[in-house]
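Before any comments, here is the structure.
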Amino acid sequence: MYKIITMDGSAKRAAFTTVHGTVQTPVFMNVGTAAAIKGAVSTEDLEAIGTQVELSNTYHLHVRPGDETVKRLGGLHRFMSWNKPILTDSGGFQVFSLASLRKIKEEGVTFNSHVDGRRIFMGPEESMRIQSNLGSTIAMAFDECIPNPSSREYVEHSVARTTRWLERCKKELARLNALPDTVNPRQLLFGINQGGTYEDIRIAHARQIRELDLDGYAVGGLAVGESHEEMYRILEAVVPELPKEKPVYLMGVGTPANILEAVERGVDFFDCVYPTRNGRHGHVYTNHGKRNLFNAKYQLDERPIEEGCRCPACRRYSRAYIRHLLKAGEMLGMRLCVLHNLYFYNTMMTEIRQAIEEHRYPEYKKQKLAGMEQAQ
RNA sequence: GUGGGUAUGGCGCAGUUGGUUAGCGCGCCAGAUUGUGGCUCUGGAGGUCCAGGGUUCAAGUCCCUGUACCCACC
């Protein structure tokens, strides 16, 4: 159940209640593709840094260890010892990211596994079956994520197919949820809006899929080649077309600035690999901009990544030490950077929620952005 | 002590029968990365080619002397 607590302009402060607990939005979901946050981050760590939703991937878990295995072990929550909400991405993004390894047809997509090369077929029904076996809180519809720019002709063709796939997803998940041995009989389904950078296609698609009365709606196919301005333009066109009484999820986005802008345009859910991937590469987010801890200037810097930060890394370790760990290839270096980044994102979302509640979101956003643009 | 070998950026090396601004890998210094293959990619800095002398229009490359290190033998 989704309940808007208050609004500040188009920015929404809401609560989304699921069988695995209530999510306070806007929220940033922490990406753990293979049921693990990369960088040796445990579920205990996630609890310590205020994670509300963990995100895993259908395709990756199907390939390894296999969704049937996860089901036999009681589902993803039990498997990874995480009792809060989990969202599973459908495998649709892999249609895009593993483009060189796949073939698309009406029935679905054939991949060559990135692990051992074997052929894997995934269509709407397969994706739903896998996600049902995983028992995630929220299942994502199986879609085709197309790169920007793509021709109008291809986008129209692809979006029409994504809509047909969505109808099949809804039907299949309803069937699976009703089965007696289903891991999570109340699994939710979010549909995904596509349409590339064509506003009219986006809007028409949004109007079509809202008729399906899903549990939430995502905007997909953004941050895949287009400029930030185009992304914001599309959000301004599409978000008003989605049901007000349902959460909106902007998939795969993004930088702190992207999130601040998207919240202002009515988005509730986010996810992005940036805090984890950048953390593994020694890039850390702060209120004064992004730092690259590999830089030589931190060699003798005894300050924490960010002064005043309460994350597990900043409470105890210096930039100089973390830089050394990174240079030495020690896993702890990555881990500390990832923990800091996820804490930074989660904390920013807390600030965002508070600012909306207090009806000072525009000022907060302006101040936050100005701080992050400061020269180092 | 005798014989043989090696000496080129921080490290490991390539440099054709002498021929433009001496290359490569790693490292170093920076930058990219948006529903994740701990990857990958893109730039940049850095060398009086062991020292001294000689041959030549031209020497990292050929000759002489010295030095350092390596191997074998005494």
Side-chain angles (χ1 to χ4, degrees), chain A residues 28-41 53-61 63-64 86-98 100-101 111-117 127 131 136 138-148 162 190-194 216-228 230-231 249-259 261-262 267 269-283 285 290-299 323 325-335 337-338 341-342 345 376:
Chain A
F28 180 79
M29 301 184 283
N30 294 185
V31 179
T33 302
I37 307 287
K38 289 179 186 286
V41 174
V53 184
E54 194 272 348
L55 187 150
S56 288
N57 188 284
T58 298
Y59 166 81
H60 294 264
L61 291 173
V63 172
R64 187 170 53 192
I86 296 176
L87 181 144
T88 41
D89 189 21
S90 63
F93 187 69
Q94 280 60 49
V95 179
F96 163 74
S97 65
L98 302 177
S100 62
L101 299 173
F111 297 98
N112 281 57
S113 160
H114 69 281
V115 174
D116 58 12
S127 178
Q131 294 186 74
S136 58
I138 302 167
M140 293 305 300
F142 187 71
D143 65 336
E144 180 188 1
C145 179
I146 42 188
N148 291 324
T162 284
F190 280 19
I192 305 174
N193 171 254
Q194 291 288 349
Y217 288 89
V219 181
L222 289 179
V224 287
E226 82 288 356
S227 68
H228 288 178
E230 281 183 293
M231 178 167 85
Y249 165 26
L250 176 56
M251 304 186 79
V253 174
T255 65
N258 290 158
I259 290 173
E261 295 294 343
V267 176
F269 283 70
F270 298 89
D271 81 279
C272 187
V273 303
Y274 270 160
T276 42
R277 180 185 289 164
N278 279 329
R280 272 178 274 129
H281 299 169
H283 290 72
Y285 292 92
K290 200 170 74 162
R291 300 179 194 284
N292 179 355
L293 286 186
F294 273 96
N295 287 359
K297 64 182 170 183
Y298 298 120
Q299 186 167 15
R323 171 178 141 91
L325 294 174
L326 290 166
K327 301 280 289 182
E330 288 292 342
M331 180 122 49
L332 180 59
M334 293 181 183
R335 177 177 140 79
C337 290
V338 171
N341 282 347
L342 290 175
Y345 268 68
Q376 288 298 297

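Here is the naming used below: chain letters follow the sequence lines, and residue numbers restart at 1 for every chain. Worth saying up front: this structure is predicted, and the values here are computed from it rather than measured. Because only heavy atoms are used, hydrogens play no part in the values below, and waters and symmetry mates are left out as well, while side chains stay in.
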### Task
Report which part of the nucleic acid A:Ala40 touches: base, sugar-phosphate, or nothing (heavy-atom distance under 4.0 Å, all strands).
base
### B:G44 to B:G19 separation - C1' atoms, rounded to the nearest Å
30 Å
### Task
Could you tell me whether A:Asn295 contacts a base, only the sugar-phosphate backbone, or nothing, with contacts defined as non-hydrogen atoms closer than 4.0 Å?
sugar-phosphate
### Query
Roughly, in whole Å, what's the span from CG in A:Leu326 to P in B:C29?
12 Å
### Message
Work out how far the P atom of B:G18 is from that of B:C62, and round it to whole angstrom.
### Response
8 Å
### Query
If we take the C1' atom in both B:G53 and B:G15, what is their distance in whole Å?
25 Å
### Task
Output all residues satisfying ring pair (Phe, Tyr, Trp, His ring centres under 6.0 Å) with A:Phe142, sequence neighbours left out; order by chain, then residue number.
A:Trp165
### Summary
In whole angstroms, the gap separating C1' of B:G35 from OH of A:Tyr59 amounts to 15 Å
### Query
What integer number of Å spans the P atoms of B:G43 and B:C26?
14 Å
### Message
Taking only the C1' atom of each, what is the distance from B:C50 to B:G5 in whole angstrom?
### Response
16 Å
### Euclidean distance, atom CD1 of residue A:Ile192 to atom P of B:G35 [Å, nearest integer]
13 Å
### Nearest-neighbour nucleotide for the A:Tyr274 side chain, B:U36, B:G35, B:U33 considered
B:U33
### Task
Identify whether any heavy atom of A:Met331 sits under 4.0 Å from a base atom; if not, whether one sits that close to sugar-phosphate; answer base, sugar-phosphate or nothing.
base
### Task
Could you tell me whether A:Gly32 contacts a base, only the sugar-phosphate backbone, or nothing, with contacts defined as non-hydrogen atoms closer than 4.0 Å?
nothing
### Summary
A:Asn57 CG to B:U34 P, in whole Å, measures 16 Å
### Task
Quickly work out the A:Phe270 CZ to B:U36 P distance and round it to whole Å.
17 Å
### Message
Mind checking if A:Gly91 touches a base, just sugar-phosphate, or nothing, with heavy atoms under 4.0 Å?
### Response
nothing
### Query
Does A:Asn292 put a side-chain nitrogen or oxygen below 4.0 Å from OP1 or OP2 of B:G31?
yes
### Task
Could you work out the separation of B:G4 and B:A30 based on their P atoms and round it to a whole Å?
50 Å
### Helical stems, RNA chain B - three or more consecutive Watson-Crick or G-U wobble pairs below 3.5 Å
B:1-7 with B:67-73, B:10-13 with B:23-26, B:28-32 with B:40-44, B:50-54 with B:62-66
Polar pairs (N or O, both sides) under 3.5 Å between protein and nucleotides 26-28 of chain B?
residue : atom : partner  : partner atom : Å
B:C28   : OP1  : A:Lys327 : NZ           : 3.2

### Query
Does A:Asn278 place a side-chain N or O at less than 4.0 Å from the phosphate oxygens OP1/OP2 of B:A32?
no
### Query
Can you find a side-chain donor-acceptor pair between A:Tyr249 and A:Asp271 that sits under 3.5 Å?
yes
### Query
Across the strands shown, which category fits A:Gln194 at heavy-atom distances under 4.0 angstrom: base, sugar-phosphate, nothing?
base
### Message
Restricting to ring pair (Phe, Tyr, Trp, His ring centres under 6.0 Å), what partner residues turn up for A:Phe28, sequence neighbours left out?
### Response
A:Tyr345
### Message
One character per nucleotide, please: for nucleotides 39-44 of chain B, 5' to 3', B when the base has a protein heavy atom closer than 4.0 Å, S when only the sugar-phosphate does, - otherwise.
### Response
B-----
### Task
Examine A:Tyr59 together with A:His114 and report whether their ring centres are nearer than 6.0 Å.
yes
### Task
Rounded to whole angstrom, note down the C1' distance from B:G60 over to B:A7.
11 Å
### Message
For A:His228, give me all partners under ring pair (Phe, Tyr, Trp, His ring centres under 6.0 Å), at least two apart in sequence or on another chain.
### Response
none
### Query
Which whole number of Å gives the distance between the P atom of B:U42 and that of B:G25?
11 Å
